[in-house]
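Here is how names work: the chains are called A, B, and so on, in the same order as the sequence lines, proteins then strands, and each is numbered from 1.
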Amino acid sequence: MADKKWMPRWFYQLASPRWCYDITGKLLPLFAWAAALLLLGGTAWALAFAPADYQQGNSFRIIYIHVPSAILAQSCYMLMAIAGAVGLIWKMKVADMVAKCCAPIGASIAVLALATGAIWGKPTWGAWWVWDARLTSMLILLFLYFGVMALNSAIENQTTAAQSTAVLSLVGLVNIPIIKYSVEWWNTLHQPATFTLTERPAMPFEMWMPLLIMVLGFYCFFAVTVMLRLRNEIVTRERRSGWVKDLIQTQFR
Amino acid sequence: MTNSGAGEMFFWGVLKRDLLLSFRRKSDLVNPLIFFLMVASLFPLGVSPEPTFLAEVAPGVIWVAALLATLLSLDGLFRSDFEDGTLEQTLLSPQPLFLVVLAKVFAHWMMTGLALTLLSPLLAVMLFLPVEGMWGLMASLLLGTPTLSLIGAIGAALTVGLRKGGVLISLLVLPLYIPVLIFGTGAAQAAITGLPIAGFLALLGAILVLGLVLAPFAIAAALRISASS
Amino acid sequence: MGFESITDFLAMGGHGLYVWLSYAIALVVVVLNLMAPLRTKKQIHKEQARRLRREQSQI
């Protein structure tokens with residue numbers, strides 16, 4: 001490999017499933033504690049201590065679920081596409097596995113963002129569903145996730161499935177900004193000047209601080225679930241290698 | 001110079017071959033058009049035949065019908081080549097895959113997108129689309145349908161090795177079609193109300209250029225992946 | 001504390017249903033996302049252990 005000098009060592013270590021299994025084993029408790037503390041603390045602050053919004057009252061508290069999940073759903077798609085690209089270019093198995101793990105998690109988070117958006121819409125707009133630009137974009141993102149998952153499950157060969165979904169998610173990644181722009185334009189055409197759920201003048205500290213905590217908590221939670229799924233994937237694919245056999249035997253003694 | 005000349009020859013060769021093949025199998029050519037006609041005529045039957053209502057929804061209905069008709073024709077885009085081994089030979093040949101793909105997509109567009117565009121005035125009359133909107137509709141279809149073929153070809157290339165390609169392609173491709181749908185109907189609606197449509201056509205053109213530059217790479221990569229399994 | 005009493009807290013100024021429903025759905029999504037991989041993990045390990053035992057008994 002000529003380009004071996006160009007990459008730092010950890011990049012090549014990442015390519016080793018065993019090294020990944022070990023390092024995620026060490027990181028998991030860290031992230032799990034961080035996620036638990038941030039999410040519990042953030043929820044308590046958001047529900048009980050953050051001030052109510054002067055316009056929307058207490059229904060404003062849904063923002064602390066809706067916004068973090070919306071952000072996370074988008075980041076998750078980005079991670080999936082980037083991991084897929086890394087797997088395509090460097091033929092890195094672990095990257096393929098990460099990309100595969102991202103799809104169902106991202107889809108469920110997108111569902112959460114949509115559900116909270118819809119629930120929030122009821123007291124705010126008086127309807128369970130409004131074709132708001134952000135909600136519509138999120139719905140299309142969910143469709144993109146469905147496409148990736150459908151393709152991945154339709155192809156039996158693991159390598160082919162990973163490569164195909166990587167191409168599809170990269171095409172989706174290129175499309176996301178175009179979709180967002182077009183949906184925003186379409187929305188202004190059909191519903192001029194409705195106020196959006198999350199766009200507001202500068203929030204006071206007691207409002208945005210819990211939001212920041214919740215966003216961080218959601219990211220930590222995401223790291224935990226990805227690592228859990230990744231470790232399963234590694235064990236399944238490497239089941240014939242010696243270290244996995246040792247691992248299974250030591251666990252079941 | 002000679003090299004690019006050879007490439008050009010090659011492009012036209014593939015294009016001619018694909019056009020000839022689809023002319024020989026007339027059903028492939030005609031079925032999407034009939035489908036287009038049928039879907040559009042379901043709306044007056046299913047919702048209301050009232051002219052004012054139909055005039056309002058006509059651009060959207062025609063665009064959605066064109067989109068679905070394109071979708072229907074995608075499955076066969078690479079399938080016959082894949083099954084008779086032509087695809088594998090093309091992948092092994094020294095000719096740039098980029099050109100082959102572009103020629104095949106262009107042929108597909110001439111058989112579906114262009115034909116749909118030419119057929120659209122008929123539907124526009126049936127759905128009481130105001131005369132002012134006709135040019136906007138046709139121009140938007142002319143600029144938008146090539147993008148539909150390009151994006152759809154990515155889906156077709158990804159699913160070519162699978163037996164249950166049909167529904168799967170729709171799942172992969174439909175969300176990616178949304179921007180074209182939005183700007184396409186936007187152009188037609190703007191034309192009806194007498195607003196300038198140059199902006200919409202420029203946007204559709206920009207998306208088309210982006211697709212022309214990027215999609216062939218994705219299609220070529222997808223074909224290589226599908227053929228390698 | 002922004003609320004006078006626990007009933008006040010639960011009512012959320014009339015928006016209790018929406019707020020609590022949102023947080024409940026969030027809880028369900030989080031729990032499901034944690035349960036699913038943990039359950040597959042148990043399944044995989046059990047399966048692999050059985051496979052290993054079978055292989056060893058054959059030798």
Side-chain angles (χ1 to χ4, degrees), chain A residues 77 81 84-85 87-89 91 96 103 107 110 131 133 136-191, chain B residues 60 144 147 150-155 157-187 189-190 193 195 199-200 203-204 206-208 210-211 213-229:
Chain A
Y77 195 92
L88 264 185
I89 296 166
K91 309 271 175 246
D96 287 346
W131 290 94
T136 311
S137 293
M138 189 50 66
L139 185 66
I140 298 170
L141 183 69
L142 180 65
F143 291 162
L144 290 176
Y145 274 122
F146 284 157
V148 169
M149 285 160 76
L151 184 66
N152 201 6
S153 64
I155 304 176
E156 274 163 37
N157 182 309
Q158 256 174 3
T159 332
T160 319
Q163 289 174 337
S164 297
T165 40
V167 169
L168 182 66
S169 40
L170 279 172
V171 172
L173 191 67
V174 172
N175 256 280
I176 284 178
I178 303 174
I179 292 175
K180 277 200 127 159
Y181 173 72
S182 67
V183 168
E184 253 159 50
W185 175 83
W186 158 85
N187 194 54
T188 50
L189 181 77
H190 290 277
Q191 301 176 310
Chain B
T147 315
L150 279 166
I151 298 174
I154 301 175
L158 284 171
T159 54
V160 73
L162 305 172
R163 231 164 282 131
K164 42 179 177 179
V167 188
L168 193 58
I169 290 188
S170 325
L171 282 186
L172 308 186
V173 163
L174 272 179
L176 303 173
Y177 276 178
I178 288 169
V180 180
L181 174 71
I182 288 176
F183 292 129
T185 49
Q189 246 139 15
T193 46
L195 294 169
F200 296 101
L203 277 169
L204 284 172
I207 296 177
L208 175 58
L210 191 71
V213 173
L214 293 180
F217 286 109
I219 299 165
L223 282 177
R224 282 190 203 284
I225 293 164
S226 292
S228 70
S229 62

Engaged part of Ile225(B) at the chain A interface, taking heavy atoms whose separation is under 4.5 Å: both
What one should report as the nearest heavy-atom pair of Ala187(B) and Phe200(B) is CB-CB, 3.6 Å
Check Thr165(A) against Val148(A) and note the closest heavy-atom contact, atom names and distance. CG2-O, 3.4 Å
If I measure from the heavy atoms of chain B, does Leu88(A) come under 4.5 Å with its side chain, its backbone, both, or neither? side chain
One pair to check against side-chain contact (heavy atoms from CB on, under 4.5 Å): Leu174(B) and Phe143(A). What are the steps and the verdict? CA-CA 9 Å; Leu174(B) 272 179; Phe143(A) 291 162; over 6 Å; no
Which answer fits Leu176(B), side chain, backbone, both or neither, if we ask what part of it has an atom under 4.5 Å from a heavy atom of chain A? both
Indicate the atoms forming the closest heavy-atom contact of Ile154(B) with Ala215(B), along with that distance. CD1-CB, 4.2 Å
Pick from Leu210(B), Val173(B), Ile178(B), Val167(B) with the largest number of heavy-atom pairs that fall under 4.5 Å of chain A: Ile178(B)
Segment of Ile182(B) engaging chain A (4.5 angstrom heavy-atom cut-off): both
Residue part contacting chain A, namely of Leu181(B), when any heavy atom lies under 4.5 Å: neither
Non-hydrogen atoms of Gly211(B) and Pro216(B) that approach each other most closely: O-CD, 3.4 Å
Structural part of Thr185(B) lying under 4.5 Å from a heavy atom of chain A: neither
Which answer fits Val174(A), side chain, backbone, both or neither, if we ask what part of it has an atom under 4.5 Å from a heavy atom of chain B? side chain
Taking the inter-plane angle between the rings of Tyr145(A) and Tyr77(A) on a 0 to 90° scale, is it parallel (under 30°), tilted (30 to 60°) or perpendicular (over 60°)? perpendicular
Of the listed Leu171(B), Leu203(B), Ile151(B), Leu158(B), the one with the largest count of heavy-atom pairs under 4.5 Å with chain A is Leu158(B)
Quick one: closest heavy-atom pair of Ala110(A) and Leu142(A), and the distance? CB-CD1, 3.9 Å
Most heavy-atom pairs under 4.5 angstrom with chain B, which of Leu144(A), Leu151(A), Ile179(A)? Leu151(A)
